[in-house]
Amino acid sequence: MYRNLYGTHPSYLETRYYTTDASGNLTLVTSNEKTPGVNYTSLSHGVYLRNAHGQDVLLRPDNITWRTIGGSIDLYFFPGPSQPEVTASYLNVVGLPALQQFWTFGFHQTRWGYTNISQLQDVVDNYSKFKIPLESVWYVEDALSRQSHGLANRNPGPISTT
Amino acid sequence: MKSYRDFEADPVRFNYTQWAGFIDRLHAGGRHYVPIIDSAIYIPNPENETDG
């Protein structure tokens, strides 16, 4: 419970393509064109910098640069050699994500500034009326939009076009 | 929210009985209700001991 609900684990997975000859030697493919009759294979690897601080990751044609504003250099290399092994190694480090309830993937309705409960009931009824699937309603009875007009009104309504 | 009290609602516009009925109907339809609490800070009147 509560494990791995939030988090960001920036990593990359790179796949390189090679041609293979009769004796199994690999030659890196640098063209986007595929030559008929040539045997191709691929190798994948991944890299993950475990660092919770603010960071930039610069992807450039010939290199990748991590910049962080703190923490340590805790760098993981996942040698693959294919994509499933890279992903499995990565998951061993960061852990599996928490499972979500199925309904949370459905449609959610929320809005500020309903004036009463029957207005909210009408919104729900209209979903049923028009056969739009609705899984949940998020609601806050907010005081701020009502009591501090002009200061914190978060539901000002449509801008007049006339 | 009534007078910036986090767990009280405006009794006229958001009557508790009506509100409970709305949630019951929502649940009866297999739907979920997610309450959002926007915390406010209520400053009671120090001159009125029944306030707050």
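Naming convention: chains lettered A, B, ... in sequence-line order (proteins, then strands); numbering from 1 in each chain.
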Taking [Y] as the starting point, is it possible to reach [X] by hopping between hydrophobic residues whose side chains are less than 4.5 Å apart?
{"X": "A/Y90", "Y": "A/L43", "answer": "no"}
{"X": "A/V93", "Y": "A/L49", "answer": "no"}
{"X": "A/I132", "Y": "A/L120", "answer": "yes"}

**OP:** Please work out whether the ring planes of B/W19 and A/Y139 are parallel, tilted or perpendicular, with thresholds of 30° and 60°.
**Re:**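 Perpendicular, since the angle between the ring planes exceeds 60°.
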**OP:** Could you go through the side-chain contact (heavy atoms from CB on, under 4.5 Å) check for A/V137 and B/V34 one step at a time?
**Re:** CA-CA 6 Å; A/V137 171; B/V34 183; over 6 Å; no
Original post:
Does any N or O in the side chain of B/R31 come within less than 3.5 Å of the main-chain N or O of A/L134, such that one atom is a donor and the other an acceptor?
Top reply: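 Between the backbone of A/L134 and the side chain of B/R31 there is a qualifying donor-acceptor contact (under 3.5 Å).
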Going from [atom1] on [X] to [atom2] on [Y], what distance comes out if it is rounded to the nearest 0.5 angstrom?
{"X": "A/T110", "Y": "B/I36", "atom1": "OG1", "atom2": "CD1", "result": "4.0 Å"}
{"X": "B/F22", "Y": "A/N116", "atom1": "CZ", "atom2": "CG", "result": "11.5 Å"}
{"X": "B/I23", "Y": "A/I117", "atom1": "CD1", "atom2": "CD1", "result": "7.0 Å"}

Original post:
Under the side-chain hydrogen bond (donor to acceptor under 3.5 Å, both in side chains) test, which residues partner A/Y12, sequence neighbours left out?
Top reply: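 Partners of A/Y12 under the side-chain hydrogen bond (donor to acceptor under 3.5 Å, both in side chains) test: A/H45.
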Subject >> Test applied, ring-ring contact (aromatic ring centres under 6.0 Å, His included); reference residue, B/H32; option that passes from A/W103, A/F107, A/W138 >> reply: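 Between B/H32 and the candidates, ring-ring contact (aromatic ring centres under 6.0 Å, His included) is satisfied uniquely by A/W103.
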Original post:
Is the number of heavy atoms from other residues, nucleotides or ligands under 6.0 Å of A/Y127 OH greater than 12?
Top reply: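 Yes, because the 6.0 Å sphere around OH of A/Y127 holds more than 12 heavy atoms from other groups.
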Original post:
Should we say atom CD1 of A/I73 is surrounded by more than 12 heavy atoms from elsewhere, each under 6.0 Å from it?
Top reply: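 No, because the 6.0 Å sphere around CD1 of A/I73 holds 12 heavy atoms or fewer from other groups.
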